[in-house]
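Data first, discussion second: the structure below is written as structure tokens.
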Amino acid sequence: MTIEIAVLAKQVLDSETPSHLFKINADSNNLEIEDNSAPIINGFDLNATEAALRLRDEGHEVNITVIMAGFNFVNEVIKKTLSMGADNLILIENESLISCDSSFTVEVLSKAINKIGNFDIILAGRHASDFDNGHVPIGIAERLRLPIITYASDIKIIDSILRIKRVIPSGYQFIESKSPCVVTVSNEIGEPRYPNLRGIMTATKKQPKIITINDLEIEPPSEKEINLTKVFIPKINLDTEYIKGDDESELGRNLAMRLKEEGLI
Amino acid sequence: MINTLVVGEIKDGKLSENSFDLLKISDKLSDRTSLVLCTSSQDNVPLDDIKILPVDFIYLLKIPSLDIDRGIYDIDTYALSVFLNSKDFNLILFSKSEYGSVVAPRVAFRNKKKYLSDCTGISLKEDLFLIERPIYGGVAIAEYQVSTNISPVFSIRSGLQNLDDISNNKIAAIEEIDIQFNEPHPAKMIEEYSNDSLEEIKLEDAKIIVSGGRGLGNEIAFEELKKLANLLGGALGASRAACDAGWIDHSLQIGLTGKTVTPDLYISVGISGASQHLAGCSMSKNIVAINNDKDANIFNVARFGVIGDWNQIIKSFISSIEDLSLK
């Protein structure tokens, strides 16, 4: 029997961009990147896509549907998961979906998941690297009253039970869950695969399916309960003291002396 | 009147350091502070130590089901939600520990409350909470206003400095509440493994940390850093790039997705200083950056910078420390 997998993915600015290229857009009260470089799919969501594809590699028959909720989608960017090997892509585009209050995103994605059908597993990245919240998958699980297993570094399916290796600060746990359930995936699962040529060709031909918030019978929130008032780039006024020396050996020695002088070692 | 609930955690038979910080934050902000603890029958709660802290009420949720499964906090979420249904608070605080990162949003969404995570600043202005939290892995700071009337849930980043010590002359009232968990429970923890033996000194407790990144080039390099960490009586850490490359165990990862550390001395070696790494180490008191790229971002947060080949520098650094300590 086919395992139906939803992967939730978000389009974000690349937070690994050198920090001096970030600037504040006063109109949107958000960050933008100076050279207008293309956004990316949130890295942890690619880890989640990778987790889904590995279940296929292990011989399970899976149908992978990537669902993206956001605004101003860039066509070449959003197709990345298809070119990695996902089967379907669904886009839900609305300006309110980039709000700092994720309750609306949770409502939209929960209703979309219910509308699309019977998912056995809902995968998502552990958090999006823009607002670093990690609310949305947890909110969806709570709303749909599904089990939520966070920080997965490995997912196996044995006799239709999911066995999930979960990263915790002191080590890891094994969790067993019935489906359906929501699982958030962490970078520990391993690098997302690079799309191959065939994947890219297939993705070019595939058209994403569009769902509107009207289809889901949802109104954007009229009133904000969480107000983002300001975004700023903090100035670091640290006068770095560079250790001097003619060669590496002297640098190492001078560093040791300097730290000793300061009582730090 | 601000009536705050702190959701506490017990670690090694003590109220966790982070929970204690939350009590200090709440004390400054609120007129009344309550502390709630989810406990199994095996938990030994040091009530005598806790009741003299700056807290007015302690609610001890006694949950026998926690004896069986604590893994993914289904039972903690349930118990806290039941508890919140019977009480009114203006503010619910969690620490941004692994526990708080999972339980805080679950409790918030289940009880239809607004939630912000990983807050680094919280203050009160009339009937608004003013919140500061880093975004984009720390590239920028976002400021929010949230009404005190909607009783929001916030998780607070651990290790915030400049929390005043408070003198306290009140003794908390204690109430025990029994909670039976009898919901469906389709996901359970089966086994747990601890890597703690890998760290002789816990990263979170270390006064000195030597941390390596992608610039080290291979896993053997970490042996040299381990030697340095041992010599200094410190702990070994790593950036996400080094962990993802498989050079070192993920449990030593420092950063947004790893551990947050606040040592007196943080020696970073071959770490470029991606914001998500800085999110885990930038609250260290003194950062030393060793890197051959003079433009590396890590130098922006470093008190001491050394530009050059890490391998030679560390070798000479180690032998100089050995010489210095012989004197």
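Within every chain, numbering begins at 1; the chains are lettered A, B, ... in the order of the sequence lines, protein sequences first and strands thereafter.
Residues A:E225 and B:V146 have side chains not in contact (no heavy-atom distance under 4.5 Å, counting atoms from C-beta outward). Residues B:T257 and A:R126 meet the side-chain proximity criterion, which asks for heavy atoms closer than 4.5 Å. A:K178 places none of its side-chain heavy atoms less than 4.5 Å from the side chain of B:K188. No side-chain heavy atom of B:R303 sits less than 4.5 Å from a side-chain heavy atom of A:D239. B:V306 is not listed as a side-chain neighbour of A:Y242, based on a closest heavy-atom distance of 4.5 Å or more. The side-chain heavy atoms of B:F304 and A:E262, taken from C-beta on, include a pair separated by under 4.5 Å. The shortest distance between side-chain heavy atoms of A:S103 and B:K114 falls below 4.5 Å. For the pair A:T240/B:V301, no side-chain contact is recorded, criterion being any heavy-atom separation below 4.5 Å from C-beta on.
Scanning both residues, B:I321 and A:A256, for their nearest heavy atoms gives CG1-CB, 4.1 Å.
Of residues 104-114 of chain A, those residues lying under 4.5 Å from chain B by any heavy-atom pair are A:V106.
The one candidate from B:S117, B:S155, B:S101 that meets the side-chain hydrogen bond (donor to acceptor under 3.5 Å, both in side chains) condition with A:N133 is B:S117.
Classification of A:E188 and B:R240 as a salt-bridged pair fails, no side-chain N sitting under 4.0 Å from a carboxylate O. Under the 4.0 Å criterion applied to side-chain N and carboxylate O atoms, B:R106 and A:E142 are assigned as salt-bridge partners. A salt bridge is defined here as a Lys NZ or Arg NE, NH1 or NH2 lying under 4.0 Å from an Asp or Glu carboxylate O, and B:E132 with A:K230 fails to meet this definition. Taking 4.0 Å as the cut-off between side-chain N and carboxylate O, A:E248 and B:K315 do not count as a salt-bridged pair.
Only the side chain of B:N286 comes within contact range of chain A, with heavy atoms under 4.5 Å apart. Looking at A:I148, both its backbone and its side chain come within 4.5 Å of chain B, counting heavy atoms on both sides. Residue contact with chain A, scored on non-hydrogen atoms closer than 4.5 Å, involves the side chain of B:Y73 exclusively. B:S282 does not touch chain A: none of its heavy atoms, backbone or side chain, sits under 4.5 Å away. Using a 4.5 Å cut-off between heavy atoms, B:I208 contacts chain A through its side chain alone, with no backbone atom that close.
Classified by interplanar angle (parallel below 30°, tilted 30° to 60°, perpendicular above 60°), the ring pair B:Y115/A:H135 is tilted. The aromatic rings of B:Y136 and A:F131 sit tilted relative to each other, their planes meeting at an angle between 30° and 60°.
The residue among A:N187, A:I233, A:I243 with the most heavy atom pairs within less than 4.5 Å of chain B is A:N187.
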